[in-house]
Chemist: 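If you scroll down you'll find the structure; I have some questions about it.
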Amino acid sequence: MSGRKQKEWPKPAECRVVTIANQKGGVGKTTSSVNLAASLAMHGAQVLVVDLDPQGNASTALGVEHHAEIPSIYDVLIEDMPLADIVVPAPDIPNLFCAPATLNLAGAEIELVSKVARESRLRRALDAYDKDKFDYVLIDCPPSLGLLTVNALVGGDELLIPIQCEYYALEGLGQLIRTVDLVKSHLNPDLNVSTILLTMYDARTRLAAQVADDVRDHFGDVVLNTVIPRSVRVSEAPSYGQSVMTYDPGSSGALAYSEAASEIAHRGAAQ
């Protein structure tokens with residue numbers, strides 16, 4: 001199965017730069033970034049994942065080395081290294097590439113403070129990079145609203161928000177939306193919330209259905225029809241340096257992420 005190319009989905013007219021953010025931890029940002037990217041790549045799209053989380057979990061899940069000596073997104077943001085110098089192919093899946101994160105990134109929040117145009121350093125790096133060879137650039141954010149996430153919001157054209165179907169799901173979301181509004185008014189007027197993905201859905205609980213209904217009532221059509229169920233396979237896959245798409249392609253989590261990626265691809269092509 002590893003990296004098997006499947007039926008091609010429609011490609012966007014130009015590269016879509018999608019930031020995947022939610023300052024709440026454990027909502028499935030990295031899992032969604034990796035598995036949506038893998039699904040899109042398996043269906044013919046050229047995809048780049050930019051790992052902006054100091055934990056480097058997206059790099060791990062894509063099987064990409066990211067120890068301290070590896071050139072990483074830290075060098076791009078702090079040392080002005082060209083993005084082209086750090087992008088590497090993901091070993092398991094053709095068409096899929098990664099700009100890895102290393103632990104050095106943990107200090108970047110502080111180091112960025114004194115930099116010129118500190119909020120738009122990722123944007124500058126993306127603009128200087130030949131991103132037209134990609135159909136999608138997915139930016140995986142850390143679980144905070146610090147300068148790294150702000151760089152991702154300034155660097156992206158679209159925002160995808162994963163929301164877990166649990167009691168505190170909508171708490172803190174107001175803060176994220178306020179930050180998005182600030183970024184739009186001062187730094188990136190083109191940013192729009194294009195997609196909301198419901199994750200960790202447990203069909204056995206009434207609460208999950210209630211949260212899903214609340215999110216759909218509040219956000220309307222930007223919420224994908226596909227929901228991502230709780231899945232042991234999805235959690236296991238990164239420990240093998242894989243996305244769930246290659247680790248267990250028949251699992252409920254892999255099928256759901258494939259369906260969600262298909263929705264994103266077809267919606268984008270229809271616009």
Chemist: Please report the C-alpha distance between His43 and Glu8 in whole Å, then the side-chain angles of each, then the deciding distance to 0.1 Å, and finally whether the side chain to side chain contact (heavy atoms under 4.5 Å, CB included) criterion is met.
Modeler: CA-CA 4 Å; His43 291 83; Glu8 291 203 359; 5.7 Å; no

Chemist: Going from CE on Met42 to OG on Ser243, what distance comes out if it is rounded to the nearest 0.5 angstrom?
Modeler: 5.5 Å

Chemist: Minimum heavy-atom separation for Ile139 and Gly155, please, with both atom names.
Modeler: CD1-C, 4.4 Å

Chemist: Do side-chain atoms of Ser33 reach the backbone of Lys29 as a donor and acceptor pair under 3.5 angstrom?
Modeler: yes

Chemist: Distance from Asp51 atom CG to Thr60 atom OG1, nearest 0.5 Å?
Modeler: 8.0 Å

Chemist: Once salt bridge (charged side-chain N to carboxylate O under 4.0 Å, His left out) is applied, do any residues pair with Glu236, and if so which ones, sequence neighbours excluded?
Modeler: Arg233

Chemist: Starting from Leu148, can I reach Val183 by hopping between I/L/V/M/F/W/Y residues whose side chains sit under 4.5 Å apart?
Modeler: no

Chemist: Do you know which two heavy atoms are closest between Leu96 and Ala41, and how far apart they sit?
Modeler: CB-CB, 3.9 Å

Chemist: Would you say the side chain of Asp92 lies within less than 4.5 Å of the side chain of Gln242, judging by non-hydrogen atoms?
Modeler: yes

Chemist: Within the 3.5 Å criterion, strictly below it, is a donor on Thr226 or Glu259 matched to an acceptor on the partner's side chain?
Modeler: no

Chemist: With rounding to the nearest 0.5 Å, note down the distance linking OG in Ser252 to CD1 in Ile228.
Modeler: 9.5 Å

Chemist: Do Val150 and Leu173 land in one hydrophobic cluster if side-chain heavy atoms of ILVMFWY residues count as linked below 4.5 Å?
Modeler: yes

Chemist: Residues in salt bridge (charged side-chain N to carboxylate O under 4.0 Å, His left out) with Asp85, at least two apart?
Modeler: none

Chemist: Indicate yes or no: at least one non-hydrogen side-chain atom of Tyr136 is less than 4.5 angstrom from one of Pro12.
Modeler: yes

Chemist: Which residue pairs pass the side-chain hydrogen bond (donor to acceptor under 3.5 Å, both in side chains) test with at least one member in residues 205-221, sequence neighbours excluded?
Modeler: none

Chemist: How many angstroms lie between CG in Leu187 and CG in Leu182, if you round to the nearest 0.5 Å?
Modeler: 9.0 Å

Chemist: Side-chain contact, heavy-atom cut-off 4.5 Å: Val47 with Phe134?
Modeler: no

Chemist: Closest approach of Ser194 and Val222, non-hydrogen atoms and distance?
Modeler: O-CB, 3.6 Å

Chemist: One pair to check against side chain to side chain contact (heavy atoms under 4.5 Å, CB included): Val17 and Glu158. What are the steps and the verdict?
Modeler: CA-CA 6 Å; Val17 184; Glu158 304 178 35; over 6 Å; no

Chemist: Calculate, to the nearest 0.5 Å, the distance between atoms CD1 and CG belonging to Ile78 and Asp75 respectively.
Modeler: 9.0 Å

Chemist: With sequence neighbours left out, write down each residue that passes side-chain contact (heavy atoms from CB on, under 4.5 Å) with Thr30, or none if nothing qualifies.
Modeler: Val34, Asp53, Asn57, Ala58, Asp140

Chemist: Applying the side-chain contact (heavy atoms from CB on, under 4.5 Å) criterion to Val76, which one of Val87, Leu126, Ile86, Val50 satisfies it?
Modeler: Ile86

Chemist: Under 4.5 Å between side-chain heavy atoms, counting indirect links through other Ile/Leu/Val/Met/Phe/Trp/Tyr residues: same cluster for Tyr168 and Val215 or not?
Modeler: yes

Chemist: Using only heavy-atom distances, determine whether the side chains of Gln46 and Asp135 contain a donor-acceptor pair under 3.5 Å.
Modeler: no

Chemist: Mind checking whether Ile264 and Leu160 have side chains closer than 4.5 Å, heavy atoms only?
Modeler: yes

Chemist: For a quick test of your reading: what N or O donor-acceptor pairs under 3.5 Å do the side chains of residues 18-25 make, sequence neighbours left out?
Modeler:
{"from": "Thr19", "atom 1": "OG1", "to": "Ala152", "atom 2": "O", "distance (Å)": "2.6"}
{"from": "Asn22", "atom 1": "OD1", "to": "Lys24", "atom 2": "N", "distance (Å)": "3.1"}
{"from": "Asn22", "atom 1": "ND2", "to": "Pro162", "atom 2": "O", "distance (Å)": "2.9"}
{"from": "Gln23", "atom 1": "NE2", "to": "Gly172", "atom 2": "O", "distance (Å)": "2.6"}
{"from": "Gln23", "atom 1": "NE2", "to": "Gln175", "atom 2": "OE1", "distance (Å)": "3.4"}

Chemist: Return yes if a side-chain donor-acceptor contact under 3.5 Å exists between Thr199 and Gln164, otherwise no.
Modeler: no

Chemist: Evaluate the side-chain proximity of Val137 to Val49: yes if any heavy-atom separation is below 4.5 Å, no if none is.
Modeler: no

Chemist: Is there a donor-acceptor pair under 3.5 Å between the side chain of Thr102 and the backbone N or O of His66?
Modeler: no

Chemist: Is Val232 linked to Tyr247 within one hydrophobic cluster, defined over Ile, Leu, Val, Met, Phe, Trp and Tyr using a side-chain heavy-atom separation of less than 4.5 Å?
Modeler: no

Chemist: How many angstroms lie between CG in Leu197 and OG in Ser32, if you round to the nearest 0.5 Å?
Modeler: 5.0 Å

Chemist: Using salt bridge (charged side-chain N to carboxylate O under 4.0 Å, His left out) as the criterion, list what pairs up with Arg123, not counting sequence neighbours.
Modeler: Asp127, Asp157

Chemist: Write down the atom of Ser144, the atom of Thr149, and the distance for their closest heavy-atom approach.
Modeler: O-OG1, 2.7 Å

Chemist: Are the charged groups of Arg121 and Asp80 less than 4.0 angstrom apart, N to O?
Modeler: yes

Chemist: Which atom names give the shortest non-hydrogen contact between Gly156 and Asn188, and what distance separates them?
Modeler: O-ND2, 2.7 Å

Chemist: Phe97 versus Val88: any side-chain heavy-atom pair under 4.5 Å?
Modeler: no

Chemist: Can you confirm whether Leu48 sits close enough to Leu138 that some side-chain heavy atom of one is under 4.5 Å from a side-chain heavy atom of the other?
Modeler: no

Chemist: On a heavy-atom basis, which atom in Pro100 and which in Val64 lie closest, and how many Å separate them?
Modeler: CB-CG1, 4.0 Å

Chemist: I'd like to check Val223 versus Leu198 (side-chain heavy atoms, cut-off strictly below 4.5 Å). Are they in contact?
Modeler: yes

Chemist: Transitively linked via ILVMFWY side-chain contacts under 4.5 Å: Leu122 with Tyr129?
Modeler: yes

Chemist: Applying side chain to side chain contact (heavy atoms under 4.5 Å, CB included) to Ser39 and Met245, what does each step give before you reach the verdict?
Modeler: CA-CA 7 Å; Ser39 297; Met245 311 312 299; 3.2 Å; yes

Chemist: Between the main-chain N or O of Leu147 and the side-chain N or O of Glu109, is there a donor-acceptor pair closer than 3.5 Å?
Modeler: yes

Chemist: Run the side chain to side chain contact (heavy atoms under 4.5 Å, CB included) test on Leu153 and Leu191 for me, step by step, so that the C-alpha distance in whole Å, both residues' side-chain angles and the decisive distance to 0.1 Å come before the verdict.
Modeler: CA-CA 7 Å; Leu153 293 172; Leu191 181 67; 4.1 Å; yes

Chemist: Can a donor-acceptor pair be found, under 3.5 Å and without considering hydrogens, that links the side chain of Lys131 to the backbone of Arg16?
Modeler: no

Chemist: Using a cut-off of 6.0 Å, state whether more than 12 heavy atoms not belonging to Leu103 lie near its atom CG.
Modeler: no

